[in-house]
Amino acid sequence: MTAESSLATITAYDEIEYPTSIFNPTQPDRLATVARLAGLNPPPVETARVLEIAGGDGMNLLALGVAYPGAEFISFDLAQTAVARGEAWREAAGLDNVRVLTMDILDAADALDGEFDYIIAHGLYAWVPQHVRDATMALIGRKLSANGVAFVSYNALPGGYLRHAVRDALNFALEGVPREDRKAVATQTLEALAAETPPPEFAPVTAFRESAKQALRKGWPVLCHDELGDSFKPEALINVVRNAEANGLRFLGDADRERMSDTFLPPNVEADEDVETQIVRLTQASDYRNFNFFRMTLLVRAEQVPSRSLDHDALNDLYVSSRAIRHAPGTYRITEKALEFSDDVLIAMMDRLVDAYPNRIKVSDLVDSPELRTVIFRLFDASFVDLSTLPPIWATSVSERPLASPLVRTMLAEKMTVVCRLDHRLMTIGDDAARRLLAQLDGTRTRADLTETARAVGLMDDAALEGALASYARECVLVA
Ligand SMILES: C[S@@+](CC[C@H](N)C(=O)[O-])C[C@H]1O[C@@H](n2cnc3c(N)ncnc32)[C@H](O)[C@@H]1O
């Protein structure tokens, strides 16, 4: 351990636990998809070695560990209480391919063996002092495999200035406030900042008020770390990329579904002599234009040279799916977004995807022209379809002896109301019936065996039981 390491100490994250969570854009399959679209050859996700830096209780990797039993996952964090919690869940779920460790970033490069194909650092970079940021980037530089991909998220500039203003206002209000009163005073302060004032409003005040409202919605356990932690320094993408470059890494793009096109030159822009600098500058300029708040920057080794125009052959080899619901003929909805097509070919394509879900279809089996492939990419960039390097890794229909993810069953036993799906999303367990039925799906019971439980939880006929089981398949929580 280095002199600066603080492993023996109780950290702020031990004193107030950060809520457990998973984060969909960190999944290695997304990272591999972006790399493939840029003509690179990232390691196969199903056998990859994956590292998460400052992964808290490790839930993000536990969820991936169930989905990819042939891959190896290591999550580490300084907060021992979080690690102990995650380790207990790991053991209960029987996930031998995941390790959740207590470790300081400052020690990790020497302490960890071997290289990693995918490295994740989510919610860390903008919240730690400069020497820890530098150590994080150096760790990625040392440990990323030759064709691996790393994910680094941070509070970005210029949007971060607004969040910083909320922090300043909170710190001002909390000056001299005893520890036990901080939560109440912080809440009152945010409520006052978020309160409406009579119109006409000055637009920046409205934006600041929105920022205060967002902070208020987070709840104290997140607020006291995210907004009020010791370190908070939103960073410009260009500076993150410079730090990465100093460690032998290169900007690839962004993992955010609505920023997939950051990897590529816009169609109307000619490549400069130094297209790599051009891409980074264009992306930074778009952050200023859009007042961007958050970045999920993807990095590869400097020796990897991405294609800065979409690789259609690579797209052909990927798999596509859509969680959209058909609202009316030609109209599809996904969460609050709607999409309307009038072209019959596009309608037929979307209908096939919607009907096949939760199955994935190989892009080359779905479309056969560059134009349609470009449409698929645009739909991906707009979050209407998912692209993946693999066929489904979950059961797409209900088997004779349904088997729910062991992590889901562990989470249910822990009385959690939100559980991890195999597609790295969350599922809210709405009622006790679902909780009790899902807990029975351990692969030993036939559908007939489940009838008794079904009746006991209020599913009064076979159709109701079949409907519930089919909904679990659709929610991607069945392993078999
Ligand atoms: C905002 S939390 C994010 C946790 C998790 N990645 C997530 O998104 O839920 C930041 C985490 O960084 C960890 N951390 C801070 N400094 C660290 C260090 N030097 N070494 C390891 N972990 C550290 C904290 O313990 C905390 O769990």
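If you're wondering where the values come from, they're calculated on a predicted model, not measured in any experiment. Just follow the structure's listing: the first ligand is 1, and inside any ligand the first atom is 1.
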_Asp104 N/O to ligand 1 N/O under 3.5 Å_ = yes
*Within the structure, does His122 bring an N/O atom to less than 3.5 angstrom of an N/O atom in ligand 1?*
yes
*Gly123 N/O to ligand 1 N/O under 3.5 Å*: no
*Min side-chain heavy-atom separation Glu17-Pro221 under 4.5 Å*: no
*Those atoms of ligand 1 less than 4.0 Å from some heavy atom in Ala79*: 25 (O)
*Please work out whether any backbone atom (N, CA, C, O) or any side-chain heavy atom from C-beta onward of Ile105 is under 4.0 Å from ligand 1, and answer side chain, backbone, both or neither.*
both
*Would you list the pairs meeting side chain to side chain donor-acceptor pair (under 3.5 Å) in which at least one residue belongs to residues 410-421, sequence neighbours left out?*
Tyr357-Arg421, Arg421-Asp423, Arg421-Glu475
_Can you confirm, on distance only, whether ligand 1 has an N/O atom lying under 3.5 Å from any N/O atom belonging to Asp226?_
no
*Supply the atom-to-atom distance Leu144 CG to Leu51 CG, rounded to the nearest 0.5 angstrom.*
10.0 Å
_Please list, in number order, the atoms of ligand 1 under 4.0 Å from a heavy atom of Ala54._
4 (C), 5 (C), 6 (N), 12 (O), 13 (C), 22 (N)
*Can you list every pair that meets side chain to side chain donor-acceptor pair (under 3.5 Å) and has a residue in residues 184-195, with sequence neighbours left out?*
none
_Surrounding CD of Gln130 (heavy atoms of other residues, nucleotides or ligands, distance under 6.0 Å), is the total greater than 12?_
yes
*Taking the six-membered ring for Trp, are His225 and Tyr13 parallel (under 30°), tilted (30 to 60°) or perpendicular (over 60°)?*
parallel
*Just jot down the ligand 1 atoms closer than 4.0 angstrom to any heavy atom of Ser21, in number order.*
9 (O)
*Of the backbone atoms (N, CA, C, O) and the side-chain heavy atoms from C-beta on, which set of His225 has a member under 4.0 Å from an atom of ligand 1: side chain, backbone, both, or neither?*
neither
*asked:* Could you check whether any side-chain N or O of Arg209 sits under 3.5 Å from a backbone N or O of Ala195, counting only pairs where one atom can act as donor and the other as acceptor?
replied: yes
*Are side-chain heavy atoms of Pro43 and Arg49 found at a separation under 4.5 Å?*
no
*Taking side chain as C-beta onward, heavy atoms only, is Asn247 less than 4.5 Å from Ile140?*
no
*What part of Tyr18, side chain from CB on, backbone N/CA/C/O, both or neither, has a heavy atom under 4.0 Å from ligand 1?*
side chain
*Below 4.0 Å from any atom of ligand 1, is there a heavy atom belonging to Leu124?*
yes
*Which atoms of ligand 1 are found less than 4.0 Å from any heavy atom of Met103?*
20 (N), 21 (C)
*Indicate, as side chain, backbone, both or neither, the part of Ala82 found under 4.0 angstrom from ligand 1 when only non-hydrogen atoms are considered.*
neither
